[in-house]
Amino acid sequence: MSIVLYNTQTKKKDVFVPLILGQVSMYVCGVTVYDDCHLGHARSALTFDMIRRYFEFAGYKVKYVRNFTDIDDKILNRAKQEDVPWQEISDRYIQNFHRDMGALGIRKPSAEPRATDHMQDILHMIDGLVHKGVAYQLKGDVYFSVKKFSPYGKLSGKKLEELQAGARIEVDTRKQDPMDFALWKTAKLGEPGWDSPWGKGRPGWHIECSAMSVAELGPTFDIHGGGKDLIFPHHENEIAQSCAYTGKEFARFWVHNGFVTVDKEKMSKSLGNFFTIREIFDKSPHSEPVTAECLRYLFLSTHYRSDLSFSDHSINEAKTALDNFYGLFQRLEESSSKSEVEGAQDWETPFKDFTEKFTLAMDDDFNTPKALGAFNEIRGTINKLLGKGLSDNSQKTILETLKAYGETLGLFQMTVSKWNSIVVSLGMAKSEETALPVNGIVGTTDKWIEEKIRLRNEARAQKDFSTADTLRKELAEKGIILEDRPDGTTRWKR
RNA sequence: GGCGCCGUACCCAAGUGGCUAAGGGAGCAGUCUGCAAAACUGCGAUUCAGCGGUUCGAACCCGCUCGGCGCCUCCA
C-alpha cells in the first residue's frame with residue numbers, strides 16, 4: 001500500500017512517491033530561539049515526529065532536517081532587555097528546546113542546522129538572486145522582487161493584487177512592490193552583522209530556510225513542513241527564492257499542521273493564551289514521561305491538520321485512555337498459568353484485522369485518530385480473550401506486537417510499573433523506590449506497601465475481612481489502589 | 001475588504017455520495033467480587049448547525065443563512 005498525504009500545494013491528497021526510491025527527504029521549520037517553546041511548537045514537533053516514525057515503519061529511510069533560527073530581531077530584543085550577548089539568548093533557548101523535546105520523547109532529526117552556521121550558503125543564494133535580476137539592492141538592504149516570480153501566491157492561494165489591497169503593514173516606499181521582502185538587512189548601530197557585498201548585515205527570515213534546506217537536502221526534496229501559520233508569507237517566500245535561485249522545483253509536498261487552541265482561539269504569544277511545554281510538565285501531577293505520553297496521545301487523537309483544543313479535561317481524558325492500555329499490558333505481562341492447549345484462543349484473526357485497519361488509517365494522510373480507534377478495538381478484543389484465557393506465549397507475542405505498533409506513534413513504550421507510579425508535582429526528583437509526598441500525603445516506599453499487602457492477604461485468607469478492609473483503607477489514604485486478582489494475589493498502583 | 005477552514009451524541013473524535021453514522025471518555029443498568037477495583041455485557045445521534053437544490057440515493061456535492069475560527073503582520 002502506498003501512503004497518501006495532503007499537499008497544501010495541490011490542495012488535495014496526493015500519492016506519495018519519493019524522489020529517490022525508498023528514501024524520504026524532509027525539512028521542517030523549527031523555532032526562533034528567543035523564548036521557551038509552547039504547546040503549539042510541541043504540536044508541530046510531535047506531528048512531524050509521528051510522520052517520520054511512520055515513514056520509517058513503512059520501510060523508508062528518512063532524512064529529517066529541522067532548523068533553528070538563531071539570529072533574528074526578537075533574539076536581539078531579548079538580549080537587549082537582559083543586557084546579555086545575543087548568542088547567550090539563542091544558546092539558552094536551543095538548550096531549552098532540546099530539553100523540552102527530549103522530555104516529550106521526540107526523536108532527534110537527522111540534522112539541526114543553525115542559520116548562523118549557514119551564512120555562506122545564505123550569501124551565495126542572495127548573490128545569485130541579485131545576479132539573476134530577481135532581487136535588488138537598496139543601500140545595505142536586499143529585497144526579493146515578487147513580481148519577477150510569476151507563480152508567487154500559488155501555495156497560499158493569494159493573488160498579488162489582493163494582497164496589496166489588504167496590506168496593513170507600513171510600506172517601505174523605497175520598495176518596488178509592497179510585497180517585496182527582505183533577503184538581507186543592514187546591521188543598525190550596535191547590532192551584530194556579517195560581511196556581505198552589500199555591507200554588514202544579517203539575513204532576512206525566509207532566506208535561511210531556503211539556504212539550509214537546499215544545502216542539506218539539495219534543490220528538490222520530498223516534504224517541507226511546518227505549522228499552517230507559516231504558509232503565508234514564510235513558505236510562499238521560500239518557494240519564490242529557492243525556485244528562482246535553483247531554477248528547479250523546490251519541495252514536492254507541503255505539509256502543514258493545525259493549531260493548538262484554547263477556548264477556540266489559536267494559542268499564540270501575542271494573545272498570551274499559551275502554555276509552555278515546561279509549564280505543562282511542572283504542573284502535572286504525573287511523572288514527566290507519563291505527562292509526555294498523555295500529551296502525545298491527546299495530540300494524536302485529533303488529525304494533524306485539524307485544530308486541537310487543549311484543556312485540563314482533554315489531557316485527563318488522554319490519561320484515562322492510556323491507563324486502560326497500560327492496564328491491558330499489565331494483564332498481558334502477568335502469567336496466565338495456562339498451557340498452550342488450554343489457552344488456544346484465536347487471537348490472530350482479530351489481530352490481523354487490527355494491523356490492517358491501523359495501516360490503512362495511517363496510509364491515508366496519517367489518520368492517527370482512526371489508528372487509535374483500531375487500537376482501542378483490539379484492546380477490547382484482547383481483554384475478552386484474556387478473560388477466556390490465553391497461553392503465556394500468546395500473551396507475550398500480543399504484547400510485543402502491540403508495543404511495536406505503538407512505537408510507530410511513540411506510544412506504549414513505558415514499563416507498567418513506571419506508568420503506574422505517580423510522582424509529585426513541581427519537577428521534584430523521582431525515585432522508583434519511594435513516592436514523594438502528593439497533596440500533603442506522606443510518601444511511601446514500595447517495600448512498605450508490599451508488606452501491608454502481605455498482611456492484608458493473610459487476613460483475607462483467614463476471612464478476617466475487617467482487618468483486610470482497614471489495611472485497604474490505610475493504603476488508600478496514601479493514594480495506593482489495590483486490585484485483587486482471582487488467583488489470590490494483589491496488584492497495586494499509586 | 002480579500003482568501004480559506006470548521007460546525008457529527010453530555011465531552012473528545014473518525015467518516016466526505018450507497019451495508020446497522022468508527023472509536024474513546026463520562027453516565028446509567030447488569031455480570032463478576034467477602035468488599036472493592038479492573039475487565040466484560042447492555043443502554044445512548046431515525047440523525048450529522050439551519051434551509052433549499054442536484055441525485056434512484058447526501059452528514060458527505062452545489063447554493064444561501066446562522067455560528068465559530070484562521071491567514072492576509074512576527075508566529076508552530
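A note on names: the letters A, B, ... follow the listed sequences, proteins ahead of strands, and every chain is numbered from 1.
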With respect to the side chain of [X], which nucleotide from [options] is positioned closest?
X        : options             : value
A/His38  : B/C71, B/A76, B/G23 : B/A76
A/Glu377 : B/A76, B/C35, B/A22 : B/A22
A/Arg472 : B/A36, B/C72, B/G70 : B/A36
A/Lys158 : B/A76, B/C3, B/U73  : B/C3
A/Glu162 : B/A76, B/C3, B/C35  : B/C3
A/Arg43  : B/G34, B/A76, B/U73 : B/A76

What's the gap between [N] and [M] when it is taken at their [atom1] atoms, as a whole Å value?
N     : M     : atom1 : value
B/A29 : B/C69 : C1'   : 40 Å
B/C28 : B/C66 : P     : 41 Å
B/G4  : B/U65 : P     : 16 Å
B/C60 : B/U54 : P     : 15 Å
B/C6  : B/A21 : P     : 23 Å
B/G50 : B/G67 : C1'   : 10 Å

Quick one: sort the [X] and [Y] rings into parallel, tilted or perpendicular, breaks at 30° and 60°.
X        : Y        : result
A/His234 : A/His206 : tilted
A/Phe366 : A/Phe55  : perpendicular
A/Tyr297 : A/Phe325 : tilted
A/His38  : A/Phe274 : tilted
A/Phe351 : A/Phe354 : perpendicular
A/His224 : A/Tyr27  : tilted

How many whole angstroms separate atom [atom1] of [X] from atom [atom2] of [N]?
X        : N     : atom1 : atom2 : result
A/Tyr326 : B/A37 : OH    : C1'   : 21 Å
A/Met179 : B/C72 : CE    : P     : 10 Å
A/Asn376 : B/A22 : CG    : P     : 15 Å
A/Leu471 : B/C35 : CG    : P     : 18 Å
A/Glu236 : B/G2  : CD    : P     : 20 Å
A/Leu360 : B/A22 : CG    : C1'   : 13 Å
A/Arg305 : B/G4  : CZ    : C1'   : 14 Å

Answer with base, sugar-phosphate or nothing: what part of the nucleic acid does [X] contact at a heavy-atom distance below 4.0 Å?
X        : value
A/Phe259 : base
A/Arg460 : base
A/Val260 : base
A/Phe465 : base
A/Gly157 : sugar-phosphate
A/Leu482 : base

Mind listing the N/O atom pairs, protein and nucleotides 39-43 of chain B, below 3.5 Å?
{"from": "B/A39", "atom 1": "OP1", "to": "A/Asn324", "atom 2": "OD1", "distance (Å)": "3.3"}
{"from": "B/A39", "atom 1": "O3'", "to": "A/Asn383", "atom 2": "ND2", "distance (Å)": "3.2"}
{"from": "B/C40", "atom 1": "OP1", "to": "A/Asn383", "atom 2": "ND2", "distance (Å)": "3.4"}
{"from": "B/U41", "atom 1": "OP1", "to": "A/Lys384", "atom 2": "NZ", "distance (Å)": "2.8"}

Please determine whether side chain to side chain donor-acceptor pair (under 3.5 Å) holds for the pair A/Ser25 and A/Asp222, giving the CA-CA distance in whole Å, both sets of side-chain angles, and the decisive distance to 0.1 Å.
CA-CA 5 Å; A/Ser25 47; A/Asp222 294 313; 3.2 Å; yes

Aromatic A/Phe259 / basic A/Lys266 pairing, under 6.0 angstrom, 45° off normal: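 Judged by the rule (NZ or CZ under 6.0 Å from the ring centre, within 45° of its axis), A/Lys266 counts as positioned above A/Phe259.
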
Legend entry - Six-ring centre of A/Tyr152, A/Lys147 cation under 6.0 angstrom, axis tolerance 45°: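 Not satisfied by the 6.0 Å and 45° rule.
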
- prompt: Out of curiosity, A/Leu155 CG to A/His235 NE2, how far, rounded to the nearest 0.5 Å?
  reply: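 NE2 of A/His235 is found 8.0 Å from CG of A/Leu155.
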
Nucleotide by nucleotide, nucleotides 10-20 of chain B touches protein heavy atoms under 4.0 Å in the pattern (B base, S sugar-phosphate only, - none) -B-SSS-----

*asked:* Can you work out whether A/Ala321 or A/Thr32 has the more 5'-proximal nearest nucleotide on RNA chain B?
replied: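 Going by which nucleotide is closer to the 5' end, it is A/Ala321.
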
* Asked: Would the A/Phe375 and A/Phe358 ring centres measure less than 6.0 Å apart?
  ->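 A/Phe375 vs A/Phe358: aromatic centres under 6.0 Å.
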
Would the base of B/G34 count as contacting A/Asp469 through its side chain, where contact means a donor and an acceptor less than 3.5 Å apart?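 Answer is yes: a donor-acceptor pair is held.
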
